[in-house]
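Proteins come first, then strands; the chains are lettered A, B, ... in the order of their sequence lines, and each starts at number 1. Predicted, not measured: the structure shown is a model, and the values here were computed from it.
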Number of protein chains: 2
Amino acid sequence: MGVIRKTKAVEVLLKEFNSSSVAISAKALIEQLRDTFNKTTIYRVLDKLEDDGILHSFLGKEGIKWYAKCNGCTSTEHNDVHPHFQCLNCGRVDCLSFTVPLPQIPNRKIEVMQLLIQGRCEECFV
Amino acid sequence: MGVIRKTKAVEVLLKEFNSSSVAISAKALIEQLRDTFNKTTIYRVLDKLEDDGILHSFLGKEGIKWYAKCNGCTSTEHNDVHPHFQCLNCGRVDCLSFTVPLPQIPNRKIEVMQLLIQGRCEECFV
DNA sequence: AATATAACGCAACCTTGTTGCATTAACTAA
DNA sequence: TTAGTTAATGCAACAAGGTTGCGTTATATT
Ligand SMILES: [Mn+2]
Ligand SMILES: [Mn+2]
Ligand SMILES: [Zn+2]
Ligand SMILES: [Zn+2]
C-alpha cells in the first residue's frame with residue numbers, strides 16, 4: 001500500500017500534522033474537517049499515511065484512535081514505539097520520547113507494549 | 001453506589017471471577033451468558049462491582065473493556081494499578097504484579113498510567 | 001403478606017469505525 | 001492537451017461495543 005496520489009485530503013491532513021507535533025484524534029479531525037471531507041475519506045487517508053510510516057496511531061483514554069507524526073519510520077519498518085501522555089485537564093495528547101525499561105517476565109515473550117500516561121500537561125500544570 | 005442486592009446476576013458474575021484469576025472481557029461475558037442475562041444487566045453489574053472495589057477494569061488490545069478481580073480495594077479507594085498482559089496468540093489477558101518505575105517528567109503531573117503488554121503467554125510461549 | 005425500590009429485560013439509541021458501490025479526479029502517456 | 005486508466009472520494013448502509021429510558025420483576029424490609 002501507500003499514498004500514491006497527492007490529493008486534496010492527503011495534503012490537508014499532512015499539513016495538519018506538520019503544523020504542530022501534538023497528536024490528533026481521528027474523531028477531532030472528522031469534526032474539524034466535516035465541511036471539507038467525508039469521514040470515510042479521513043479514516044482512509046490516515047490509514048494510508050500510517051502504512052506509509054508517516055503517521056503512527058495509538059489508543060487514547062476512552063479507547064479512541066489518535067495519530068501523530070512518525071520519526072524515521074518507513075512503510076516497511078515502524079520502529080517508533082514510545083509512551084504517550086494525555087492531559088486529564090485539557091485533553092491534549094502527545095508523544096513522550098523516553099523508553100520505559102520493562103522487567104523480563106519468565107516464560108513470556110514481550111512483543112509490543114503500549115503505555116498511556118495521564119495527568120496534567122505543561123500548560124495545565126499548577 | 002455499590003451492590004446492595006444479592007441477585008442472580010451478581011452471584012453468577014462473582015463466581016465467574018472467583019473461579020480463576022484471569023481477566024474477562026465484558027464482550028466475552030455477554031456472549032457466554034447470552035441465554036441467562038441481558039447484556040445491559042451484565043454491563044450494569046460489572047460497573048457496580050467496579051464501584052465497589054471488587055473488580056477493576058482496563059482496555060485491551062482493540063480498546064475493548066476487560067475486568068479482573070481487585071486485591072485490597074474498597075469502594076472509596078481503588079489502589080490496584082498495575083500492568084496487564086494480553087497474549088497475541090490465545091487472547092488471554094491477565095494482571096501483572098510488578099510496578100513500572102516511570103521517570104519524572106518536568107512540568108507534568110502524572111496521575112494515572114495504563115500499560116498493556118502484548119506478546120506470548122506462558123501457555124503459548126515456545 | 002404488603003410495601004418500597006433496586007435490579008432487570010427490552011428496544012431503541014449512541015459513537016467510533018468499516019464496507020460496497022457508483023462517481024470524481026489524479027496521474028499517464030498518446 | 002486531451003483521452004484513458006484507475007486510485008481516491010462521497011454517500012448510504014452497516015457493525016461492534018456500549019448506554020439510556022422505561023415498564024416490569026424480584027429482593028429486602030416491615
Ligand atoms: Mn507517538
Ligand atoms: Mn488487573
Ligand atoms: Zn493540559
Ligand atoms: Zn496465550
DNA chain C nearest-nucleotide lookup for A:A26 and B:N38: closer to the 5′ end is B:N38
Considering only nitrogen or oxygen atoms on both sides, find all protein atoms under 3.5 Å from nucleotides 18-23 of chain C and state each distance.
from: C:dT19; atom 1: O4; to: A:T40; atom 2: OG1; distance (Å): 3.4

Students often mix this up, so state it plainly: with edges at 30° and 60°, are the rings of B:F58 and B:W66 parallel, tilted or perpendicular? parallel
Nearest-nucleotide check on DNA chain D, A:A9 vs B:I30; residue mapping nearer the 5' end is A:A9
Those residues that, when tested against B:S57, pass side-chain hydrogen bond (donor to acceptor under 3.5 Å, both in side chains) (two or more places apart): B:E50
What residue among A:L49, A:N18, A:V22 forms side-chain contact (heavy atoms from CB on, under 4.5 Å) with A:K69? A:N18
Using a distance-only test with no angle check, is there a side-chain donor-acceptor pair under 3.5 angstrom linking B:E16 and B:Q32? yes
Closest listed nucleotide, where the reference is the side chain of B:K48 and the choices are D:dG17, C:dT16, C:dA7: C:dA7
Between C:dT16 (P) and A:W66 (CH2): distance, integer Å: 11 Å
Only residue of B:L59, B:I64, B:V93 satisfying side-chain contact (heavy atoms from CB on, under 4.5 Å) with B:S25 is B:I64
Just how far is it from atom CG of A:L116 to atom CG of B:L116, taken to the nearest 0.5 Å? 11.0 Å
Looking at B:E123, I'd like to know if its CD atom is crowded, meaning that more than 12 non-hydrogen atoms belonging to other residues, nucleotides or ligands lie closer than 6.0 Å. no
Using whole Å, what does the distance between atom P of nucleotide D:dG17 and atom CD of B:E62 come to? 9 Å
Verify the contact: side-chain N or O of A:T41 to OP1 or OP2 of D:dA8, cut-off strictly under 4.0 Å; return yes or no. no
Look only at the side chain of A:H56 and the backbone of A:A68, and say whether a donor-acceptor pair between them is shorter than 3.5 Å. yes
What integer distance in Å separates B:L59:CG from D:dA16:C1'? 15 Å
Whole angstrom is fine here: how far is it from NZ in A:K27 over to C1' in C:dT15? 8 Å
Would you mind reading off the distance between B:E11 atom CD and C:dA7 atom P, rounded to a whole angstrom? 15 Å
Measure the CZ-CD distance between B:R92 and B:E122 for me, rounded to the nearest 0.5 Å. 6.0 Å
Identify whether any heavy atom of A:S25 sits under 4.0 Å from a base atom; if not, whether one sits that close to sugar-phosphate; answer base, sugar-phosphate or nothing. nothing
Extract from the structure each pairing of a protein N or O with an N or O of nucleotides 26-30 of chain C at less than 3.5 Å, listing the distance.
from: C:dA26; atom 1: N3; to: A:R5; atom 2: NH1; distance (Å): 3.2
from: C:dC27; atom 1: OP1; to: A:K6; atom 2: N; distance (Å): 2.6

Could you tell me how far apart A:I42 (CD1) and C:dG17 (C1') are, to the nearest whole angstrom? 13 Å
Using whole Å, report how far CG of A:L46 lies from P of C:dG17. 10 Å
Separation of D:dG17 P from B:K61 NZ (nearest whole Å): 12 Å
